[in-house]
2 protein chains.
Amino acid sequence: MDYHAYSLMLKAMAEPNRLKIIDLLSCGTLCACDILEHFEFSQPTLSHHMKVLQNAGIVSAKKEGKWQHYTLEPTFITGFQEMTTALLKADDQCLCHEAKSCDCSSTTL
Amino acid sequence: MDYHAYSLMLKAMAEPNRLKIIDLLSCGTLCACDILEHFEFSQPTLSHHMKVLQNAGIVSAKKEGKWQHYTLEPTFITGFQEMTTALLKADDQCLCHEAKSCDCSSTTL
DNA sequence: TCAACATATAGATATGTATCTATGTACAAC
DNA sequence: GTTGTACATAGATACATATCTATATGTTGA
């Protein structure tokens, strides 16, 4: 389980405004000005958020003339859901395969 | 789309140590001392992380004598994956159903 | 070339948070 | 009751980050 990449995605997603940006992009490509319309914050703040999303591998950018077009990375869409599934299902790493040192497991639950 | 609850979960999950705690709990219930064994940080720090996970609805706690037993919330496991799916698939909210004001959409992609 | 527009960068500030030490609380065993 | 154990709380500190204003960069059109 690669905690680092997954944690980077989660951290980028955890900001409510960025979550909304992802939701907006889930329908397709948008330029910065279209995204900005949906928020109260300033243009540099959007620029900051888009950079965070790119660094996390969530969004890719493609410049067309003056405009910056943003798209959700297909590898993110599939990868994130796969890692989520891997996280939440019991696997080899879990403690039940290891020796217990704490007494609490000897008590009757 | 309830950004708030989902964002609370994401924020709680975004910390690498908490991510590891969730992975450990994915196999079943564990007490605090068993979890603490897997980390370098102090006991109060674990206590802090467990409270964050509980406030996000990710983990529930049940006290048995001296010991605090932590379990992944079943509602979190299903709910988180549902909200993730809802976020990443195109839905009614997306911009393509609204009027564009930005000129970028008139250019040939 | 110049002006207008779209976006990025720099630097400052305020707020959030992960961590620690010290201490408190609750329970168990003697 | 006293002592030891498991965990929580309080308060402090260091670091991250979301936001702003001001400015720079790059592109288009006149």
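Here the structure is a predicted model, which is why all the values come from computation and not from measurement. Letters A, B, ... mirror the listed sequences (proteins, then strands); counts begin at 1.
- Rounding to whole angstrom units, NZ of residue A:Lys51 and C1' of C:dA8 are separated by 7 Å.
- Using a 4.0 Å heavy-atom cutoff across all strands shown, B:Gln43 reaches at least one base atom of the nucleic acid.
- Rounded to whole angstrom, the span from the CD atom of B:Glu64 across to the C1' atom of D:dA6 amounts to 14 Å.
- Here the P atom of nucleotide D:dC20 and the CG atom of A:Leu46 are 11 Å apart, to the nearest Å.
- Nearest approach of A:Ala12 to A:Val52, heavy atoms of both residues: CB-CG1, 3.9 Å.
- Within 4.0 Å (heavy atoms only), B:Phe39 reaches no atom of the nucleic acid at all.
- You won't find any donor-acceptor pair under 3.5 Å spanning the side chain of B:Glu15 and the base of C:dA18, going by distance alone.
- With C:dT19, D:dA8, C:dA26 as the choices, the nucleotide that has an atom nearest any side-chain atom of B:Lys63 turns out to be C:dA26.
- Screening A:Leu72, A:Thr71, A:Leu25 for a side-chain contact (heavy atoms from CB on, under 4.5 Å) involving A:Leu30 leaves a single residue, A:Leu25.
- Listed nucleotides D:dC20, D:dC7, D:dA6 differ in distance to B:Cys33; the shortest reach to its side chain belongs to D:dC7.
- Residue contacts for A:His48: at a heavy-atom cut-off of 4.0 Å it reaches a base atom on one of the strands shown.
- A ring-centre distance under 6.0 Å is not found for A:Phe39 and A:His49.
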